[in-house]
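First up is the structure itself, then whatever we jot down about it.
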Amino acid sequence: MTRAVRTPTALDDVDPQRRVRNAALTLVALGLGIVALWALQSVGSTKLTQALALFAIWGVATVSLNLVNGTLGILSLGHHGFMLIGGYTTGLLILSEEARGRIESSARSTMTDETLAISVANLLRGLGLDGLTTPETLWVRFLIAIFLGGLVAAVAGLIVGFPSLRLRGDYLAIVTFGFGEIIRLSASTRVFAPLTNGALGFPGIESEFGKSVWWTFGFLAFTVFVVSKLKYSSYGRAMQGIREDEVAAEAMGVNVAYHKILGFVISAFFAGIAGGLWVSWLGGVRLDFFLFQLTFFFLVAISVGGTGSITGVLLGTALVVFVRQYGDPLEETYALRTWAMAGGVLLLVASAALLGFRTLRRLRPRVTPAVLAVAALALVVLLVAAANPAFLDGSFRGFGMRAIFLSVLLIVIMIFRPEGMLGRAEFSWAGLLRERRSEPTDEERRQDAWLSNPALNADADHARVDAAPDAADAGDARTDREGGR
Amino acid sequence: MSATNLRPSSRSRRWLPWLVLALLAALVVARMLYLGSVGERFNAAFFTRAAIDSVKLGSLYALIALGYTMVYGIIRLINFAHGEVFMVGAFTTYFLFTITPYGPMAAVALAAVLAFGVTRLVGFFRASPRDPVVLASGGVAFVALAWALTLGTWPFWAALLGSMLATGVLGITIDRVAYVPLRTAPRNSLLITAIAVSFLLQNVGLLAFTNRQTPFRPDTPLLTPIALEVGGNPVPTNALLFAIPLVTAVLVVILDAFVRRTRLGKAMRASAQDAETAQMMGVSVDKVIATTFLLGSMLAAAGGAMWGLNFGSLNQPAILGILPGIKAFAAAVIGGIGSLPGAVIGAMVIGFSENFVTALFPRTPDFAGITEFKDTFAFVLLIVVLLVRPSGIVGEDLSEKV
């Protein structure tokens with residue numbers, strides 16, 4: 001895809017009437033969303049509230065990771081490291097006095113009196129703001145702690161980004177992964193153990209903020225606001241230019257290094273905020289809360305939703321959080337026969353889906369060996385399950401099925417729709433209502449006529465061939481309209 | 001040596017690495033002498049032991065790193081799942097020497113997999129996959145292996161070979177299912193898929209193998225202790241001291257001969273230089289890539305089996321492959337990715353940095369030692385090498401590609 005795709009911007013809707021209508025629709029939707037959130041968290045179970053809060057927290061992380069992976073086009077795999085930094089900073093800063101006392105009296109603790117004294121409350125006392133150290137103003141301290149956590153993570157992002165952003169492509173990915181792991185592995189060493197309490201971490205962090213729908217969604221809204229403003233600013237356009245072609249962007253006068261670092265640091269800042277919320281949601285800080293699998297889940301969310309699209313990423317996050325929070329039936333113990341049956345049906349569905357995909361894309365031959373092999377395997381499994389042999393007596397616990405599901409999902413998405421559900425398109429009212437963005441101008445009409453006239457343009461046939469796949473594919477057609485080509 | 005580089009290079013400043021090496025050696029000797037003068041404990045035996053551990057670990061990393069470097073040399077993919085292939089190899093070995101003999105169903109299924117691996121190996125020397133020799137060898141292997149699997153407990157060497165075959169087939173399968181559909185996709189998509197495959201294998205391992213640390217103590221003469229004495233002090237060790245480097249050396253020599261002498265090896269080198277042109281010259285690049293995965297995974301499986309022997313136990317599947325995998329990748333980059341000797345050299349560098357360097361800065365009353373940082377060395381080295389000399393120690397010049 002080398003054809004130029006005009007970046008959709010908020011100013012694309014030039015029709016003033018439509019702009020008013022879209023603004024009104026947005027306000028109504030926001031209002032409805034708030035009401036729905038209120039209804040859900042007052043009526044729904046604790047589990048639902050927690051899932052909603054987790055969605056918002058991971059949303060902060062995925063939207064910020066997407067700024068690097070999608071907008072800047074750099075595959076960064078060290079997000080969990082920045083979240084760890086933000087999480088530990090926030091955790092240390094808002095740890096309650098009694099939790100500090102427990103750590104102090106613990107024989108295995110590696111924290112010193114100086115590091116135990118680091119807290120927002122002490123900072124505020126030092127500034128003479130004793131009014132803000134009461135239990136009622138905990139939220140102020142929480143906000144300050146989260147913000148400081150983000151800042152520390154941003155500084156780490158600067159330190160990591162400065163050397164590594166000179167690299168390109170998969171080397172950069174591996175170096176960000178390396179930095180993420182270095183952060184995690186060195187957090188428990190004696191250099192940082194006085195700050196992190198080694199492998200013990202600190203339990204007992206206030207979870208009323210991380211588990212509150214309002215706080216987390218507030219942070220999510222803030223993140224989405226900042227990242228989308230950035231995306232549609234000149235900075236964002238420069239970043240997208242770097243994504244499309246780094247050399248060309250540089251030739252056009254974009255300061256590549258500056259924009260890469262900028263994107264990376266902002267992304268790290270929000271990762272730090274997500275880390276702070278995450279430890280608050282968990283109610284404690286430990287090293288194994290920040291494994292690489294966290295970044296993997298974010299990667300799944302981004303890739304499934306649509307790399308580069310904020311709405312798509314939120315959609316993907318919703319899916320991942322749903323699987324994580326409500327996928328536990330997958331991990332229970334069932335009879336082996338049930339597993340075999342489910343596996344057979346799944347393989348049959350996969351075979352049919354493959355066939356459907358090839359039919360939809362008009363690929364020939366429609367029935368490939370892969371389709372037949374999967375179908376045959378499905379039949380064998382189903383027949384074996386139906387024959388009910390002795391070795392299927394017994395049961396099996398589906399330990400880790402959620403992770404398996406998510407990784408298979410990621411592989412399937414990468415093979416069949418690497419751009420994700422929404423691609424790079426954002427949600428828009430015009431897109432939802434299936435409106436044409438704007439009538440073509442006379443100049444565009446003249447260009448179209450010229451391009452499609454074989455007498456004038458030797459490449460006309462070529463142009464038509466280029467346009468054909470889009471017409472054939474409903475999903476792409478929609479993306480194109482939203483992309484406003 | 002350059003003939004075994006998957007990608008030939010034009011080298012300038014050949015003396016530079018040797019100079020660096022000589023300086024490093026001088027520093028190391030000075031440090032050892034200093035330590036020897038400071039503490040009674042830091043005698044020759046102490047450093048010999050560290051060197052032995054380093055060589056063993058380096059050999060193990062080399063077996064994994066070769067898979068990374070071959071795959072990267074040809075399709076420019078950092079095969080993130082290679083560490084998990086190593087994990088599967090280790091556990092397959094474990095299940096072959098512990099719970100054999102198998103029941104008839106399991107024996108037939110596994111024998112089919114192994115026989116498929118045999119057909120691919122024999123297929124190296126034959127043009128067509130439907131060649132009668134290939135089919136016959138596959139049939140014979142199938143019958144013989146199915147029979148052998150029901151016969152009795154397998155010795156360690158048989159488990160090692162069986163695990164290599166099975167893991168090689170796993171490598172081919174991963175390539176066919178996950179990577180072949182993405183041949184023309186952007187490299188980031190390929191890398192994300194590799195990460196997904198790695199994650200999938202970790203969790204399937206947890207599900208299918210075990211979820212806890214597993215003792216790995218086969219009944220083999222390789223574990224007999226050797227009485228080694230250096231400067232009057234005993235160095236506790238066993239036959240693995242020779243076995244692990246020997247296995248690595250033998251496998252590397254076979255691989256080297258394969259890459260240099262066989263038709264498919266030539267095709268492999270051609271594909272590494274320019275896959276498109278090689279394809280036009282009649283090389284079946286897909287077959288070459290499948291072969292690369294087969295060989296790389298077999299080496300990783302051997303590494304996994306020896307890893308288990310060396311440490312006496314296997315970590316749980318979700319974490320066993322990650323660190324060795326990423327360190328071996330670092331080794332491949334340090335040595336010069338795409339180069340076979342480079343992978344071995346880089347692996348030795350990592351092995352020595354982990355054990356020998358730790359021994360050079362040991363725990364003393366006024367210094368707590370650097371053991372707790374040793375897992376980060378590989379990452380630091382990786383990052384430094386990528387930033388300073390992306391082509392690695394012996395590799396081609398990658399500066400405009402990185």
Side-chain angles (χ1 to χ4, degrees), chain A residues 69 73-75 77 160 163-164 166-175 177-186 188-191 193 291-293 295-297 299-300 302-303 307 370 389 391 396-416 418-419, chain B residues 72 76-78 80 103 105-106 176-182 185-207 211 317-319 322-323 326 329-330 333 337 368 370 372-376 378-384 386-387 390 398 400-402:
Chain A
N69 282 13
I74 291 170
L75 188 56
L77 301 176
V160 169
S164 52
R166 285 170 46 196
L167 303 167
R168 283 190 195 158
D170 37 13
Y171 277 99
L172 177 57
I174 216 80
V175 165
F177 174 81
F179 270 117
E181 290 298 288
I182 287 179
I183 291 171
R184 195 173 64 79
L185 289 170
S186 53
S188 64
T189 60
R190 64 167 177 276
V191 178
L291 298 180
F292 174 65
Q293 81 176 34
T295 301
F296 176 76
F297 286 147
L299 214 54
V300 176
I302 290 177
S303 307
T307 314
F391 69 84
F396 188 67
R397 184 158 166 244
F399 185 69
M401 272 296 171
R402 286 179 286 190
I404 291 178
F405 172 79
L406 286 179
S407 28
V408 171
L409 179 72
L410 183 53
I411 296 173
V412 168
I413 282 278
M414 275 298 138
I415 292 175
F416 293 106
E419 72 272 29
Chain B
Y72 193 89
R76 295 263 176 268
L77 162 70
I78 297 173
F80 233 80
M105 291 273 291
R176 183 66 200 84
V177 173
Y179 301 153
V180 167
L182 289 166
R187 270 157 75 184
N188 275 0
S189 304
L190 206 56
L191 187 60
I192 292 176
T193 311
I195 294 170
V197 171
S198 140
F199 211 68
L200 176 68
L201 286 178
Q202 281 173 22
N203 285 289
V204 170
L206 274 183
L207 196 66
N211 57 7
I319 56 175
I322 299 177
L323 274 183
I326 199 74
F329 172 75
V333 172
I337 197 147
I370 53 171
E372 55 183 337
F373 301 103
K374 72 173 184 181
D375 281 338
T376 56
F379 294 111
V380 175
L381 275 175
L382 170 72
I383 290 165
V384 169
L386 278 181
L387 293 174
L398 281 167
E400 82 253 38
K401 282 176 192 126
V402 175

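Residue numbers begin at 1 in each chain, while the letters A, B, ... track the order of the sequences.
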Which atoms of B:Leu382 come close to chain A, meaning under 4.5 Å heavy atom to heavy atom: side chain ones, backbone ones, both, or neither? side chain

Honestly, the part of B:Tyr179 sitting under 4.5 Å from a heavy atom of chain A is neither

Answer with side chain, backbone, both or neither: which region of A:Pro163 has an atom nearer than 4.5 Å to a non-hydrogen atom of chain B? both

If you count heavy-atom pairs under 4.5 Å between each of B:Leu77, B:Asp375, B:Ile195 and chain A, which one has the most? B:Ile195

Euclidean distance, B:Ile370 CD1 relative to B:Phe373 CZ, rounded to 0.5 Å: 8.5 Å

Please classify the contact between A:Phe296 and chain B as side chain, backbone, both or neither, with a heavy-atom cut-off of under 4.5 Å. side chain

Tell me whether the centres of the aromatic rings in A:Phe292 and A:Phe177 are closer together than 6.0 Å. yes

Please look at B:Val177 and chain A and tell me whether the side chain, the backbone, both or neither of the residue comes under 4.5 angstrom of a heavy atom of that chain. backbone

Would you mind reporting whether B:Val333 and A:Ile174 have side-chain heavy atoms less than 4.5 Å apart? no

Chain B heavy atoms under 4.5 Å from A:Phe396: which part of the residue, side chain, backbone, both or neither? side chain

Looking only at heavy atoms and a cut-off of under 4.5 Å, which of B:Leu206, B:Ile192, B:Asn188 has the most pairs with chain A? B:Ile192

So what's closer than 4.5 Å to chain A heavy atoms on B:Leu200: side chain, backbone, both or neither? both

Is it the backbone or the side chain of B:Leu182 that comes under 4.5 Å from a heavy atom of chain A, or both, or neither? side chain

When you measure from the side chain of B:Glu372 to the backbone of A:Arg190, do you find a donor-acceptor pair of N or O atoms at a distance under 3.5 Å? yes

Is chain B contacted by the side chain of A:Leu75, its backbone, both, or neither, given a heavy-atom distance below 4.5 Å? both

Heavy atoms only, distances under 4.5 angstrom: which of A:Leu410, A:Leu185, A:Ile404 has the most pairs with chain B? Name it, please. A:Ile404

When you compare the side chain of A:Met414 with that of A:Ser303, does any pair of heavy atoms fall below 4.5 Å? yes

side-chain contact (heavy atoms from CB on, under 4.5 Å) evaluation trace for B:Leu207 with A:Met401: CA-CA 8 Å; B:Leu207 196 66; A:Met401 272 296 171; 3.6 Å; yes

Below 4.5 Å, heavy-atom pairs only: which of A:Asp170, A:Ile413, A:Leu77 has the largest tally toward chain B? A:Asp170

Correct closest heavy-atom pair for A:Val160 and A:Ser164 would be O-OG, 2.6 Å

Keeping B:Ser189 on the side-chain end and B:Ala185 on the backbone end, is there a donor-acceptor pair under 3.5 Å? no

Are A:Thr189 and A:Ser186 packed together at the side-chain level, in the sense that at least one heavy-atom pair is separated by less than 4.5 angstrom? yes

